[in-house]
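The structure under discussion appears below in the form of structure tokens.
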Amino acid sequence: MAITATEPQDGREPDDGAPAPGTEDAAAPAPAEDHERWQRFAAASEDDDAAPGPETAPPGRWRRTGRALRRGARSEWTLAGLFSVLLAVAMTWPLAKDLDDVIPHDTGDPLLLTYILGWVGHALRENPAGIWDTNSFWPLTDAYLFTDTLLGYAPFALFITGPQSALVVYNLLYIGTFALAFLGAYALLRQLGARVAGSAVAAAAFAYAPWKLGQAGHLQVLSMGGIALALAMLARGHGWSLRGGFKAERQRPGWILAGWLTALWQFSIGAGLGIPFVYLLLGVGVVVGLHWLALRPRLRWRTLAADGVGGVVFSLGVLWIADKHAVVARAYPEAVRDADYISWFSPTWQSFIIAPEESRVWGAAHEAARADLTWAPEQALLVGFTLVALAVAGLVWSCWTGRQRFWLALGAAAVFAVSMGPNFLDQGAWAWAPLYEYAPGWDAIRTPGRLAIYLTLILAVLAAGTLTRIADEADAVAHAARIDKRLKVKAPRRVHALLFLPIGLVLWEGLTVAPYAPVPEAPVDMSALEGPVLFLPSGGGDTKVQYWSTDGFVEVANGVAAFTPDEQAGLRSMSQGFPSDEAIESLREAGIETVVVLPGSLPGSDWSDLDTEAEPFGVEVERTDTAVVYDLNAD
């Protein structure tokens, strides 16, 4: 049995001398004087420095600094942060040793997002006011807003100076998303009142849920750690936990401000996750407001001031970014998706128990089930069987109260319904459809299934409650069996260590078979091209062109985003039949200066048989082993 002091341990409230849960009749409490005398003795025995005698001189500045550093190095949060990083590196290995050579998943969306990061860094250094008009999608305006902006990663984007450094930054952020997701969920669960083991297992389930393997190409979706971290900061700042309720003496205005700023940072990464998060915070605010009106808990003026300042900053930031996106929606009506389009990407009833093909454990076993899905990459949303089992157990046996479990279950059901989009009952009329019709910004969400983030988080809270209850019961048994009734006793550490075992199953389900794709080098010297440039063929491969353009950021008409602008579709139509005289003349009139053809880059397409040996009149042609460059306005 382990002896502990009276400080709060493992997320539990101070004991105040009361017997452990379930042991009220075990023995009468020791007299207060004896108890205090024993605590002084125990503290001095365990750390002589903690109780210096009257002759001991106070420690010097360097000694105090050393002690502070040692305490910081041994603190729970230092260890949790270090563990989250090491775990992320291990779960994404061998990416950490090939940061400048490969990219996770494929060379589609990941290269697009790498380009976006490169553009952010370039624009902030050269012309911050011009960030909205990228060098791709020439001659369209506001192209930066055609997809998620990753604006929150701007400080890291400033380190990008070319294609290779862009890869390094992207890959480091990719690894970092898993570390932040674990740390953010761990912080939230600890703040809610879960014990260490329960928080660690549930945080791992949140960070490495199997459905995320299918989203490995979407950095903006993986960047969900800020959601949990912001909620943890706001709860801590307001002195609230799920187990302890509201504690007026624990209000911390600084954490409130940090929570609002973290929430704004999360929104700035991308509207796809940001819009539902705003509505979540709005819902939480309404509930808290009603609670305050009913019970009138004592709030410090600094708490109200922090909420006022933080809420205003958050709201202004959200409105500013949302207004920019609204301008794009008005200028490009083709960006709006109808219900049929969204239904194609929305999950079905079975989606949440079907793993993506990237899952090492369940991918092959669920192949037949995925064949029935219309778009499996967005519809295979297995949250993890280990997590589901622990969460179901938590509905019955948990450290959370029955009322709290009821609301958690109701929240999970609501998220489940909304995340199915038009595929829920009556085409989503009772869940998703009202939001799509009346909630501003909701019609911009192409893939409702990504709300699995919140389903995973709720299940993680329930799972943490299960393991925390087991830890509490183990401590209660040890406390009841103690020999010296003056002591507070916990179960042996080896018993608590057993509660970490489910983390192995969680991580096992989170293993991937997806490759790390080699990134092709640019077929031409991008910085030497005279823009505007059109690469042919143009289509899904344009993400490579955008990535290559980080070398100099020459204007290119190519581009891939969340939608295809009509003007870009027109340029692609003009280029059909190139290098025919008609196509060349049309592209000249459109303003294209240079055309780069990548022969055979898409075998079987209309461009695989392109006549690259033709010498159009008035066009200067340069041929290399990897490309044919046409200068349409050669003197």
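In what follows, residues are counted from 1 in the order of the sequence shown. Keep in mind it's a predicted model, so treat the numbers as computed, not measured.
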- Evaluate the criterion salt bridge (Lys or Arg N to Asp or Glu O under 4.0 Å) for residue pair R302 and D307; output intermediate values, then yes/no. CA-CA 8 Å; R302 291 185 180 87; D307 274 320; over 6 Å; no
Tell me whether [X] contacts the main-chain N or O of [Y] through its side chain, where contact means a donor paired with an acceptor under 3.5 Å.
{"X": "D148", "Y": "A271", "value": "yes"}
{"X": "S165", "Y": "I160", "value": "no"}
{"X": "S75", "Y": "T78", "value": "yes"}
{"X": "R190", "Y": "A194", "value": "yes"}
{"X": "N171", "Y": "V102", "value": "yes"}
{"X": "S268", "Y": "G152", "value": "yes"}
{"X": "H366", "Y": "A355", "value": "yes"}
{"X": "K212", "Y": "A207", "value": "yes"}
{"X": "T468", "Y": "R195", "value": "yes"}

Do the side chains of [Y] and [X] get nearer than 4.5 Å, heavy atoms only?
{"X": "V383", "Y": "V388", "value": "yes"}
{"X": "I445", "Y": "L451", "value": "no"}
{"X": "L173", "Y": "L117", "value": "yes"}
{"X": "T114", "Y": "V519", "value": "no"}
{"X": "R236", "Y": "W240", "value": "no"}
{"X": "Q164", "Y": "L167", "value": "no"}
{"X": "Y516", "Y": "T92", "value": "yes"}
{"X": "V89", "Y": "W93", "value": "yes"}

Any chance you could measure [X], atom [atom1], to [Y], atom [atom2], to the nearest 0.5 Å?
{"X": "L111", "Y": "I103", "atom1": "CG", "atom2": "CD1", "answer": "4.5 Å"}
{"X": "L183", "Y": "F83", "atom1": "CG", "atom2": "CZ", "answer": "11.5 Å"}
{"X": "Y454", "Y": "I227", "atom1": "OH", "atom2": "CD1", "answer": "3.5 Å"}
{"X": "M91", "Y": "F178", "atom1": "CE", "atom2": "CZ", "answer": "8.0 Å"}
{"X": "I453", "Y": "F206", "atom1": "CD1", "atom2": "CZ", "answer": "6.5 Å"}
{"X": "L282", "Y": "S315", "atom1": "CG", "atom2": "OG", "answer": "9.5 Å"}

- Query: Residues in ring pair (Phe, Tyr, Trp, His ring centres under 6.0 Å) with F500, at least two apart?
  - Reply: none
Locate the shortest heavy-atom distance separating [X] from [Y]; write the atom from each residue and the value.
{"X": "G214", "Y": "P356", "answer": "N-CG, 3.7 Å"}
{"X": "A185", "Y": "A228", "answer": "N-CB, 3.7 Å"}
{"X": "Y208", "Y": "S84", "answer": "OH-O, 4.5 Å"}
{"X": "V415", "Y": "L455", "answer": "CG1-N, 3.7 Å"}
{"X": "T456", "Y": "A209", "answer": "CG2-CB, 4.1 Å"}
{"X": "A197", "Y": "L467", "answer": "O-CD1, 4.3 Å"}

- Evaluate the side-chain contact (heavy atoms from CB on, under 4.5 Å) criterion for residues D475 and H496: first the C-alpha distance (whole Å), next the side-chain angles of each, then the deciding distance (0.1 Å), finally the verdict. CA-CA 9 Å; D475 282 349; H496 284 285; 2.8 Å; yes
Under 3.5 Å, is there a donor-acceptor pair linking the side chains of [X] and [Y]?
{"X": "Q251", "Y": "T303", "answer": "yes"}
{"X": "T386", "Y": "E509", "answer": "yes"}
{"X": "E76", "Y": "Y186", "answer": "yes"}
{"X": "R482", "Y": "H479", "answer": "yes"}
{"X": "S223", "Y": "Y153", "answer": "yes"}

- Derivation and outcome, ring pair (Phe, Tyr, Trp, His ring centres under 6.0 Å), residues F416 and F352: CA-CA 9 Å; F416 178 86; F352 298 91; 4.9 Å; yes
Run the side-chain donor-acceptor check on residues 395-410: report pairs under 3.5 Å with partners two or more places apart or on a different chain.
from, atom 1, to, atom 2, distance (Å)
S398, OG, W400, N, 3.0
W400, NE1, V461, O, 2.8
T401, OG1, Q404, N, 3.2
T401, OG1, Q404, OE1, 3.4
Q404, OE1, T401, N, 2.9
Q404, NE2, L242, O, 2.6
R405, NE, W400, O, 3.1
R405, NE, T401, O, 3.3
R405, NH1, L395, O, 3.2
R405, NH1, V396, O, 3.0
R405, NH2, W400, O, 3.4

- Item | Audit row: L462, L390, side-chain contact (heavy atoms from CB on, under 4.5 Å) steps and yes/no | CA-CA 7 Å; L462 288 169; L390 290 172; over 6 Å; no
- Query: In terms of heavy-atom contacts, does CZ of F246 have more than 12 from other residues, nucleotides or ligands at under 6.0 Å?
  - Reply: yes
- Does atom CH2 of W265 have more than 12 heavy-atom neighbours, drawn from other residues, nucleotides or ligands, at distances under 6.0 Å? yes
- Task: Check the pair V221 / T447 against side-chain contact (heavy atoms from CB on, under 4.5 Å), numbers first and verdict last.
- Result: CA-CA 11 Å; V221 179; T447 51; over 6 Å; no
- Check step by step if side-chain hydrogen bond (donor to acceptor under 3.5 Å, both in side chains) holds for S351 and W211. CA-CA 10 Å; S351 289; W211 67 266; over 6 Å; no
- Hey, which of E358, Q215, H218 is the one that makes side chain to side chain donor-acceptor pair (under 3.5 Å) with H105? E358
- So, are R243 and D472 salt-bridged, with charged N and O less than 4.0 Å apart? yes
- Message: Just to verify, what does R469 make a salt bridge (Lys or Arg N to Asp or Glu O under 4.0 Å) with, not counting sequence neighbours?
- Response: E473
- Message: If you apply the rule side-chain contact (heavy atoms from CB on, under 4.5 Å), what do you find for V313 with W260, and how did you get there?
- Response: CA-CA 8 Å; V313 171; W260 283 115; over 6 Å; no
